[in-house]
Peer 1: 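Structure provided below as structure tokens; questions to follow.
Letters go in sequence order (proteins before strands), and every chain restarts at 1.
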Protein chains: 2
Amino acid sequence: MRKAVALPKRARNAAATRDAILQSALAAFSRNGYDGIGVREIAQAAGVTAVLVNRYFGSKEELFGAAVEIAFSDSTLFEGDPSSLAHRLTEAVIAKTEKDADPIDPLLLLLRSAPNPRAAEILRESIARHFERPLKSLLMGPCASERAAMILAFISGLQLFRKVIGSKALTDGTRAGLYANIKAAFQGLIDRD
Amino acid sequence: MRKAVALPKRARNAAATRDAILQSALAAFSRNGYDGIGVREIAQAAGVTAVLVNRYFGSKEELFGAAVEIAFSDSTLFEGDPSSLAHRLTEAVIAKTEKDADPIDPLLLLLRSAPNPRAAEILRESIARHFERPLKSLLMGPCASERAAMILAFISGLQLFRKVIGSKALTDGTRAGLYANIKAAFQGLIDRD
DNA sequence: GTCTATAGAAAGATAGAC
DNA sequence: GTCTATCTTTCTATAGAC
């Protein structure tokens, strides 16, 4: 591969290096999944060698855990006014799955890493704590936990078809058609009281 | 691992061996995903060595293509009376994601193999041809292709959370709660006329 | 704080014997 | 028709130098 020769020389600083590795890992795991990327490539994109990954994080698995914690740290989408929840979720999932959307996304990281059993265990805990819990407390009526998880399952499925598989029906769908139908499905899961 | 010593001695027959490898591959890719299993293990479970995989299928990628073709060959779930579609899909997805359900399933194979870009390409074509197309022709109203893909996306998302991630909210959910809410989401995607 | 060098395992694929 | 043996590459992780 390419030598990382043109990178701006970071200071020899443990904290800065650790952070560079962590950001590189977040992007790499989101694009390629846990099994689809090696620590060599992650380190190279951060401008260091693979040794430092294990020095600062112990192992690939622990690096993944740290990257997941960052990926799932923003749960603002699942807070706010419950009456406009379906609208906000629909807008967000369409925007996040456009062709030119940010490739760093917690649910893309989840989809692409879940096939690895150890990664799945780490992800289960993080998504429950950061996404299922706040979303559940926005839902009224019975089975709030189940419905919160189902909403996340549907969002994940849409990401799978629009970004990972690249199903033509969904990548080429009109915005209006996407909006109406995705929102109808969300509404079916939200209005249960 | 374990030597395949107690297996019934197959005849030295190309067709039978090819089929044994194919069935072993179908099960292995469904349980572990494309990147989670090696040709050595697939061959061993079929009672042969890895050489024969390449001999009969050319490469791991071509073996995967053949396994996918089998996995997606049964599309009866997406045929029949449109008026009971939501009910049938809901029953099927709950049954397929029970704890003791058959681990061989086309959408589990899809979820666990999609992170690999070459596998994703093969899967995109197969799911469009075998699942999206028949389901689309059952749907009335506008955007039938999009809605068919969204229904499959939702089913995939449920499999992801119930079988791959193991989200507690969905693995421990009551059957009645699951049924009501999953069906409501399907209904939102089906009734658009 | 970061490197080179390397150990040790496992992957996909092939040559050539029987 | 099927095998053993091997090539080549890639992976995670570590020892030890500077």
Peer 1: Does B:Lys136 make a cation-pi contact with B:Phe78, if we ask for NZ or CZ under 6.0 Å from the ring centre and within 45° of the axis?
Peer 2: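 No, B:Lys136 does not sit over the ring of B:Phe78.
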Peer 1: Verify the contact: side-chain N or O of B:Thr49 to OP1 or OP2 of D:dC3, cut-off strictly under 4.0 Å; return yes or no.
Peer 2: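 True: B:Thr49 side-chain N/O within range (under 4.0 Å) of D:dC3 OP1/OP2.
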Peer 1: Let me know the distance between OH of A:Tyr56 and C1' of D:dA13, rounded to the nearest Å.
Peer 2: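 Rounded to whole Å, this separation is 17 Å.
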Peer 1: Just how far, in rounded Å, is P of D:dC11 from CG of A:Asn32?
Peer 2: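 Between P of D:dC11 and CG of A:Asn32: 11 Å.
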Peer 1: Judged by atom type as modelled, is there a donor-acceptor pair below 3.5 Å linking the side chain of A:Arg147 to the main-chain atoms of A:Met140?
Peer 2: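 Side chain of A:Arg147 to backbone of A:Met140: a pair is present.
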Peer 1: Just by distance, do the side chain of B:Lys163 and the backbone of B:Pro103 share a donor-acceptor pair under 3.5 Å?
Peer 2: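 Pair absent, no side-chain N/O of B:Lys163 close to backbone of B:Pro103.
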Peer 1: A:Ile42 has an atom CD1; how far is it from atom P of D:dC11, in whole Å?
Peer 2: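 The distance from CD1 of A:Ile42 to P of D:dC11 comes to 11 Å, rounded to the nearest Å.
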Peer 1: Are OP1 or OP2 of D:dT2 and a side-chain N or O of B:Thr17 less than 4.0 angstrom apart?
Peer 2: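 Checking D:dT2 against B:Thr17, a side-chain N or O does come within under 4.0 Å of OP1 or OP2.
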Peer 1: Which whole-number value in Å describes the distance from B:Gln44 CD to D:dC3 C1'?
Peer 2: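 Distance, rounded to whole Å: 15 Å.
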Peer 1: At what distance, to the nearest 0.5 angstrom, does NZ of A:Lys99 lie from CZ of A:Arg162?
Peer 2: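 So the gap between those two atoms works out to 8.5 Å.
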Peer 1: Atom CZ of A:Phe64 and atom P of D:dA13: how far apart are they, to the nearest Å?
Peer 2: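 Rounding to the nearest Å, CZ of A:Phe64 and P of D:dA13 are 14 Å apart.
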Peer 1: For the pair made of CG in A:Leu63 and C1' in D:dA13, what is the distance, rounded to whole Å?
Peer 2: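 Interatomic distance, CG of A:Leu63 to C1' of D:dA13: 14 Å.
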Peer 1: I need the CG-C1' distance between B:Asp35 and D:dC11, as an integer number of Å.
Peer 2: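 Going from CG in B:Asp35 over to C1' in D:dC11 covers 13 Å.
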Peer 1: In terms of relative ring orientation, are B:Phe29 and B:Phe64 parallel, tilted or perpendicular, with 30° and 60° separating the classes?
Peer 2: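 The arrangement is perpendicular - the two ring planes meet at more than 60°.
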Peer 1: Who are the side-chain hydrogen bond (donor to acceptor under 3.5 Å, both in side chains) partners of B:Asp74, not counting sequence neighbours?
Peer 2: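 Partners of B:Asp74 by the side-chain hydrogen bond (donor to acceptor under 3.5 Å, both in side chains) criterion, ordered by chain and then number, come out as B:Thr76.
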Peer 1: How many Å lie between CZ on A:Arg55 and P on D:dA17, as a whole number?
Peer 2: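 Those two atoms, CZ and P, are 15 Å apart.
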Peer 1: Dump every N/O contact between nucleotides 11-14 of chain C and the protein below 3.5 Å, one line per pair.
Peer 2:
from   : atom 1 : to      : atom 2 : distance (Å)
C:dG12 : OP1    : B:Lys60 : NZ     : 2.8
C:dG12 : OP2    : B:Val39 : N      : 2.9
C:dG12 : N7     : B:Arg40 : NH1    : 3.0
C:dG12 : O6     : B:Arg40 : NH2    : 2.9
C:dA13 : OP2    : B:Asn54 : OD1    : 3.3
C:dA13 : OP2    : B:Lys60 : N      : 3.0

